[in-house]
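Just so you know, residue 1 is the first one in the sequence shown, and it goes up from there. First listed ligand is number 1; within each ligand, the first listed atom is number 1. Computed from a predicted structure; not experimentally measured.
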Amino acid sequence: MKVDGKHFRSIWRERDGWSVGAIDQRRLPHEFVVARLASCDDAAVAIRDMLVRGAPLIGATAAYGMALAMREDASDAGLKRAYDTLVVARPTAINLKWALDEMRASLSPIDPVERAEAAYARADEIAEQDVEINRGIAANGLKLIEAIVSSKKPGDVVNVLTHCNAGWLATVDWGTATAPIYLAHERGIKVHVWVDETRPRNQGASLTAWELGHHGVAHTVIPDNTGGHLMQHGMVDLAIVGTDRVAANGDVCNKIGTYLKALAAHDNGVPFYVALPSPTIDFAVNDGLRDIPIEQRSGAEVTDMTGRTADGRLETVRIVPDGSPVANYAFDVTPARLVTGLITERGVLKPDRASLAAAFPERITAAVE
Ligand code: MRU
């Protein structure tokens, strides 16, 4: 997607052919800084410290981390060490394990002398595949937006609510939840996005708003507790969110607060869609609500906020009384019954076991292996 007219991806191979460039998302929206990852450890730290984040981008970064590791030590022990280091860099987003399993499966049978080159080639493919998948999500999601357009008065705006950042910054390009929005925008459809700020880390306010704004898509940032009111007053035509992991039964794990938006959408008859690339499906988890462990993150995300002061400095301030305990559950699970449909690269699916299995049979085998 574009940043002020210039095309960017969230991650790329640098001109030297081996190191990896990535947008440092911790600095947005205040500063646009590119980081250079030059080792497997750099990639692991980038994932762990959320320099990069978003399930598909975490997967792509891990793939490049494996390639960087193969330059350092392409032996079987080196392969295992890289896998073990990267796989624990973040929990929840199953794309991380998917990408590492893909890398390991392609590299294990190869002579170590050839592994580094093969690893870069496979990592490039994984990154490219993400973009292709998201184009598919865009095309399938666009049909939903077009259906709303045709039910409206000519010239009316389609209002989409989204949560967290499932935009191009969370993927290699296009995003998942935002892919249909960007395509609609490209096709000249009047689309406006309600952007949940997404406390505690504010990925909506700082990242989604930034990328939509720099690409020229109309949007409004709202406090997280506003969505229900907007839905009650007919101001949301549909909600589209991303996800970090979808269980075999169609339950959706996503950024904390997603469940509450799904409840509000259900109560108000607003369609609630989840956009996901197939590597986000975890067929090894049968029941998402019961079996997906929920990451708890540092209380500092709740107690502290960073922003720019009037004189241009970045400053972190505390907003909670000293000594008050805080809780920071990073994700929640939205039961499949609250999800209208899953927007995938192979169509809009019912959120249930049979539909997921029929659309992605090859992923079931992978989960069982
Ligand atoms: O904590 P983050 O920023 O890694 O949050 C994860 C996400 O980006 C989201 O949950 C997102 O909506 C799904 S990833 C496309």
Quick note, salt bridge (charged side-chain N to carboxylate O under 4.0 Å, His left out) partners involving residues 29-44, not counting sequence neighbours, are Asp16-Arg36, Arg27-Glu31
Please give the N or O to N or O pairs under 3.5 Å between ligand 1 and the protein, distances rounded to 0.1 Å.
from: ligand 1; atom 1: 1 (O); to: Arg90; atom 2: NH2; distance (Å): 3.4
from: ligand 1; atom 1: 1 (O); to: Gln203; atom 2: NE2; distance (Å): 3.3
from: ligand 1; atom 1: 1 (O); to: Lys255; atom 2: NZ; distance (Å): 2.9
from: ligand 1; atom 1: 1 (O); to: Arg297; atom 2: NH1; distance (Å): 3.4
from: ligand 1; atom 1: 1 (O); to: Arg297; atom 2: NH2; distance (Å): 3.0
from: ligand 1; atom 1: 3 (O); to: Arg53; atom 2: NE; distance (Å): 2.8
from: ligand 1; atom 1: 3 (O); to: Arg53; atom 2: NH2; distance (Å): 3.3
from: ligand 1; atom 1: 3 (O); to: Gln203; atom 2: NE2; distance (Å): 2.9
from: ligand 1; atom 1: 4 (O); to: Arg90; atom 2: NH1; distance (Å): 3.3
from: ligand 1; atom 1: 4 (O); to: Arg90; atom 2: NH2; distance (Å): 3.1
from: ligand 1; atom 1: 8 (O); to: Arg53; atom 2: NH2; distance (Å): 2.5
from: ligand 1; atom 1: 8 (O); to: Asn165; atom 2: O; distance (Å): 3.3
from: ligand 1; atom 1: 10 (O); to: Asp244; atom 2: OD1; distance (Å): 2.5
from: ligand 1; atom 1: 10 (O); to: Asn254; atom 2: OD1; distance (Å): 2.8
from: ligand 1; atom 1: 10 (O); to: Lys255; atom 2: N; distance (Å): 3.3
from: ligand 1; atom 1: 12 (O); to: Asn254; atom 2: OD1; distance (Å): 2.8

Strictly under 6.0 Å, is that where the ring centroids of His215 and Tyr182 end up? yes
The side chain to side chain contact (heavy atoms under 4.5 Å, CB included) partner of Pro351 among Val339, Thr340, Val252 is Val339
Will you find, in the side chains of Asp267 and Gln232, an N or O donor that is under 3.5 Å from an N or O acceptor? no
Quick one: hydrophobic cluster around Val113, which other residues, with the 4.5 Å side-chain cut-off, linked directly or via members? none
Show the atom names and distances, to 0.1 Å, of all donor-acceptor pairs under 3.5 Å that link a side chain in residues 88-98 to residues at least two apart or in another chain.
from: Asn95; atom 1: OD1; to: Thr280; atom 2: OG1; distance (Å): 3.2
from: Asn95; atom 1: ND2; to: Thr280; atom 2: OG1; distance (Å): 3.0
from: Lys97; atom 1: NZ; to: Asp101; atom 2: OD2; distance (Å): 2.7

